[in-house]
Structure formats: structure tokens, C-alpha cells
A.B. asks: 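Have a look at this one before I ask anything.
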2 protein chains.
Amino acid sequence: MADTSTRSVERALLLLGAVCERGTVSLAEAARDAGLSASTALRLLRTLESTGFVRRDGAGGYRAGLRVVQLGAQALSSESLVSLAEGALDRLVGLTGESAYLSVPSHDGHGVYLAVREGTHSVRHASWVGRSIPLEGTAVGAVLSGTTPSTGYVVVRDGVEADVTAIAAPVRAGGRIAAALSVVVPSYRIREDESAGIGMHVAREAAAILPVTSATPEGESA
Amino acid sequence: MADTSTRSVERALLLLGAVCERGTVSLAEAARDAGLSASTALRLLRTLESTGFVRRDGAGGYRAGLRVVQLGAQALSSESLVSLAEGALDRLVGLTGESAYLSVPSHDGHGVYLAVREGTHSVRHASWVGRSIPLEGTAVGAVLSGTTPSTGYVVVRDGVEADVTAIAAPVRAGGRIAAALSVVVPSYRIREDESAGIGMHVAREAAAILPVTSATPEGESA
DNA sequence: ATTTGTATTTCACTTATTGAAACTCCATTT
DNA sequence: AAATGGAGTTTCAATAAGTGAAATACAAAT
């Protein structure tokens, strides 16, 4: 498929990724990241700017524009991975009473929450869509980093967030880790031996999210 | 600036928009939407697919891919419009005790919520990021459609959502309406004459969100 | 003053992009 | 059964779209 791809589009999308992942980026940095000449990068960034995908801040740096936010939000609301995961998230909350999350890698050494279902207890873990999660010291991080043990899930008790136990499992697409499904419990409410039960539920739900999809785009292009 | 734009990139981004806005789209529909030949659309969509921005479902339709969701979420979590609006949203909730929202136009005749802050009452309006809002009969819709009266805010009592009163004001960038900031109150909790007080707060907060940004991409390209 | 780095513009060159045509397949209509 | 219409996919000749080196302007550092 690589030979039927459109080079200028690939380059523009690379630049868009650099802008969104870096938060703010100068023309020179973006050009270096994408391995392009400054003039080529400028023209492509100008195209992204004129279509609303990036915007320019007062200091001349490029930032994510409204269009990518809009499309991201629309993608979130359509029958996307998030929609597919909604049933799983609801079932996990119903089963455990604890908060459940879907997260994806964000290519800058973090994960990011895409979907959130809060638990039913008065005292529960609280977080939000768009929140960044470190990959070090978190169950989600271990899963997204590809270090899930053979049990199929990861348990991190009192990791980077004090007083909570996080249990996560990988959502796979075509053999690759597309996302992580997780449940976060106040540690006082879960004994060490109880985490296995929840872990198996999380792993089962995660495995069922993308059951029959064709290989992912990355798989197909590899 | 139009003469220094990159046509193939513009076309690919148009196709990306069609996919995200339609939820699922066939090659023929996407090509028609973008005014391209089928073979051109196929190649551009393949490029979007190989870079993760779109994916193909089992029936051959194109859908939003993980990459646009990731970048959208990252854009959401960075110092973007949403981050800038967070203070305003928090202050409005603190001030009114009611639910507050940031929404943007979605180009398909709707608005879409980008950020949500729930109110502090037990009985409150509830909604979510990514939710679509009709432009007809809503305060947000009036604002995004550019029909804000000189008061600076719009009040819609018992509009498309029964039993709530919505108050919205425009977030402007370079003289254009970039988004709407709104507060939604159960109607039993707000008298007709009280909406003006809240409206002025919403308008003030909205006006302060993008104080010194350069013109928006659309403004610059016009 | 010189050097370094960034952003922007220009333009000759070439190759990347394009779309018409052909092909395959399927469903519907005659 | 044959004809029609539509979708998806492949091919390839033509050309103009995209490219990047070079020049320019500006600012900051030495």
C-alpha cells in the first residue's frame, strides 16, 4: 500500500502530529521533526492552518487548531473505539461499582484517557477525558508499554496516584496494543487477593472490544 | 495564502472531515462529497488509513481511526481552547452552582460539546464531551449561528431540552465566533429576571477566554 | 561587527499527483 | 438470460503540483 500513498499528505499529517503532540512547535522544529526543508514545512503547515487543523499563536508557534479538536470530538462520539468500549466500560462499572477508563498511547511518553465511566460509590476515583497518564508506575502505562504479564492484566497498588489500586488490560487490534481498559479502586476497598477477580473481568472485556476488525492501518502498512 | 496551499493535502483533509462527520462513509460517498474522482479519493483515503487517521470497517466503509482520536484528545489536553476555557468553566460553576459547557460548531449543522463541568446541585443538567447539539432552538445554536443579541448572551428557556434554561455567549477569535460558553439550569431554579445576571457572567467569561490571540486560521486565509 | 538561527519568498526543475479508461464484481431491472 | 447501473480497484500518460536550494530579512548571541 505504501506505493499508492500520497507523499505530500503523509508529510502534512506528520506535521499535524508533531503540532498536537508537542503542544506548541516552531516552524524549524516541525520541519526537523518531519525531515523536511523549512519551505516545504511552511507550505504544508499553512495548508493545515488555512483548513483549521492548526493555528498560530502570538509568538509564531504552531498549535492544534479547532478543526482537529472538532473531528476528534466527533470521532469520539461516533461508533469508534470509544463507542465500542462503552458497553465494556458500563459492564465493568456495573460489576465492580468502581470507575472504569479507556486510554490510548499519546506518543509523547504518556497515555491519555478517551472515555470515563465513574463508579457508583460515594467515594470513588475521579478523572476525565483528555487527562494525561504517565506510563511509568501506572497499570495503564505498563499495558500500553507492552509489559502485560501472562495473566492478561496488570495490577498497580498505590502507584503514582496514592490510595488507589489500578487494574488494566490491553485492547488489541491486529496483534498490536491499541488501547488499555482499566478499573481504578480506592485501595481500602480491595484486598490483594481480590484484584485477580477484577483483573480477569477487565481482561475479558478488553479482549472482546475489537473482536473481528481487520488488521489496523499500522498492521496493514507494515 | 490560497496560492501557497497544497491541494492534495486540502483534499485529504476534506475527506478526513467527511469520514469523521458522517461516522461511516463509503468510497463513492466520500469522493462525491469532496468532488474528487473515485481513484483519487481512494488513494487519499488509503493514505489516511495507512497513517491511522481513518480505518476500514468490515463492510468496506471508512471510519475515524485512532490517530484522529488521539490527536484530538491531545489537542484537548494541551493548552488549547479547552484548557483556556477550563478556568472560565470552573468559575461559572462556582458562581452559579449550575452545569457549564464549552461547545464548537461541527460543520454539519450541529454543535458539539468539547468541555463539560457539572454543577454542584443534586439535581443538575448532565451531558458529555462529544455530544451533539442542534443549532435550532438552543442557546448554543443561536450563539454559534451568530445571532447573539446586543446583551451579549442568549437565553433559551425550555427549548429542545425540556425543563432547562440555557444561557450562552460567544467565544470570539479575531472577530469570528470560535465557540460558545454556556450554563444550563433546571428551569424551576431560575426566574426569568435572574437569567440576566448569569448571562452577564457567561458573556464576561466568554469574552476573556481568547483575549490576545492572533486572528484565527480562517480569518487569516480570508 | 560577525555569526547563528529563524521565518519567508522565489523559481527552475522534476516527479508526484491526477483522472480517464479499463476491469471486476455485484445487485437490480428488463 | 441479458442488460443496466453502481461500487471498488488498477493502470498509465500527461502535466502541473510540489519541491528545496538559494536568497532575503530579521533577531539574538558572541
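Per chain, numbering begins at 1; letters A, B, ... match sequence-line order.
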A.B. asks: Among D:dT10, C:dT18, D:dT19, which is the nearest nucleotide to the side chain of B:S39?
C.D. replies: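 Per side-chain heavy atoms of B:S39, the pick is D:dT10.
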A.B. asks: Any Lys/Arg nitrogen of A:R131 or A:E161 sitting under 4.0 Å from an Asp/Glu carboxylate oxygen of the other?
C.D. replies: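 Salt bridge: yes.
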A.B. asks: Under 4.0 Å from OP1 or OP2 of D:dG8: is there any side-chain N or O of B:R56 that close?
C.D. replies: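 False: B:R56 side-chain N/O out of range (4.0 Å or more) of D:dG8 OP1/OP2.
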A.B. asks: Side chain of A:T6, heavy atoms from C-beta onward: which of C:dT17, D:dG8, C:dA7 has the nearest atom to it?
C.D. replies: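 In terms of side-chain proximity for A:T6, the closest of C:dT17, D:dG8, C:dA7 is C:dT17.
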A.B. asks: Which of parallel (below 30°), tilted (30 to 60°) and perpendicular (above 60°) describes A:Y101 and A:Y113?
C.D. replies: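 Taking A:Y113 first and then A:Y101, their aromatic rings lie parallel (interplane angle under 30°).
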A.B. asks: Between A:S99 (side chain) and A:G119 (backbone), is there a donor-acceptor pair under 3.5 Å?
C.D. replies: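 It does hold such a pair.
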A.B. asks: Between B:L45 (CG) and D:dA7 (C1'), how many Å, whole number?
C.D. replies: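 Rounded to whole Å, this separation is 14 Å.
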A.B. asks: Regarding A:S8 and B:S8, is there a side-chain donor-to-acceptor distance under 3.5 Å anywhere?
C.D. replies: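 Yes, a side-chain donor-acceptor pair sits under 3.5 Å.
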A.B. asks: In whole angstrom, what separates A:E29's CD from C:dT6's C1'?
C.D. replies: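 The distance from CD of A:E29 to C1' of C:dT6 comes to 11 Å, rounded to the nearest Å.
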A.B. asks: Where the side chain of B:A38 is concerned, which of D:dT9, D:dA7, D:dG20 is the nearest nucleotide?
C.D. replies: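 The answer is D:dT9.
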A.B. asks: For the pair made of CZ in A:R43 and C1' in D:dA16, what is the distance, rounded to whole Å?
C.D. replies: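 Nearest whole value for this atom pair: 13 Å.
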A.B. asks: Which part of the nucleic acid does A:S8 contact within heavy-atom distance under 4.0 Å: base, sugar-phosphate only, or nothing?
C.D. replies: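 Sugar-phosphate, backbone atoms only, no base.
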A.B. asks: Can you tell me if the side-chain N/O atoms of A:R11 get under 4.0 Å from OP1 or OP2 in C:dA16?
C.D. replies: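 For A:R11, the contact criterion (side-chain N or O under 4.0 Å from OP1 or OP2 of C:dA16) is not met.
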A.B. asks: For A:R7 and C:dT15, what is the distance between atoms CZ and P respectively, to the nearest whole Å?
C.D. replies: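 Whole-Å distance recorded here is 9 Å.
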A.B. asks: Figure out the CG/P separation between B:D57 and D:dG8, and round it to whole Å.
C.D. replies: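 Interatomic distance, CG of B:D57 to P of D:dG8: 11 Å.
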A.B. asks: Would you indicate which nucleotide in C:dT9, C:dT18, D:dA7 comes nearest to any side-chain atom of B:A28?
C.D. replies: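 Nearest to the side chain of B:A28 among the choices is D:dA7.
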A.B. asks: Indicate whether OP1 or OP2 belonging to D:dT19 is found under 4.0 Å from a side-chain N or O atom of A:T40.
C.D. replies: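 Result: no.
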A.B. asks: From CG of B:L42 over to C1' of D:dA7, roughly how many Å is that when rounded to an integer?
C.D. replies: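 Nearest whole value for this atom pair: 11 Å.
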A.B. asks: Among the nucleotides D:dT10, D:dA7, C:dG19, which one has an atom lying closest to any side-chain atom of B:R32?
C.D. replies: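 For the B:R32 side chain, the nearest candidate turns out to be D:dA7.
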A.B. asks: If you pin B:L36 and A:G60 to their nearest nucleotides in DNA chain C, which one's is more 5'?
C.D. replies: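 Of the two residues, A:G60 wins.
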A.B. asks: I want to confirm an ordering. Mapping A:L27 and A:V9 to their closest nucleotides on DNA chain C, which one lands closer to the 5' end?
C.D. replies: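 This one resolves to A:L27.
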A.B. asks: Please give, in whole Å, the distance from C:dT17 P to A:E10 CD?
C.D. replies: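 Distance, rounded to whole Å: 9 Å.
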A.B. asks: Between C1' on D:dG8 and CD on B:E49, what's the gap in Å once rounded to a whole number?
C.D. replies: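 Taking atom C1' of D:dG8 as the reference, CD of B:E49 is at 13 Å.
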A.B. asks: Indicate yes or no: does A:E10 engage B:R43 in a salt bridge with an N to O separation below 4.0 Å.
C.D. replies: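 No, A:E10 and B:R43 are not salt-bridged.
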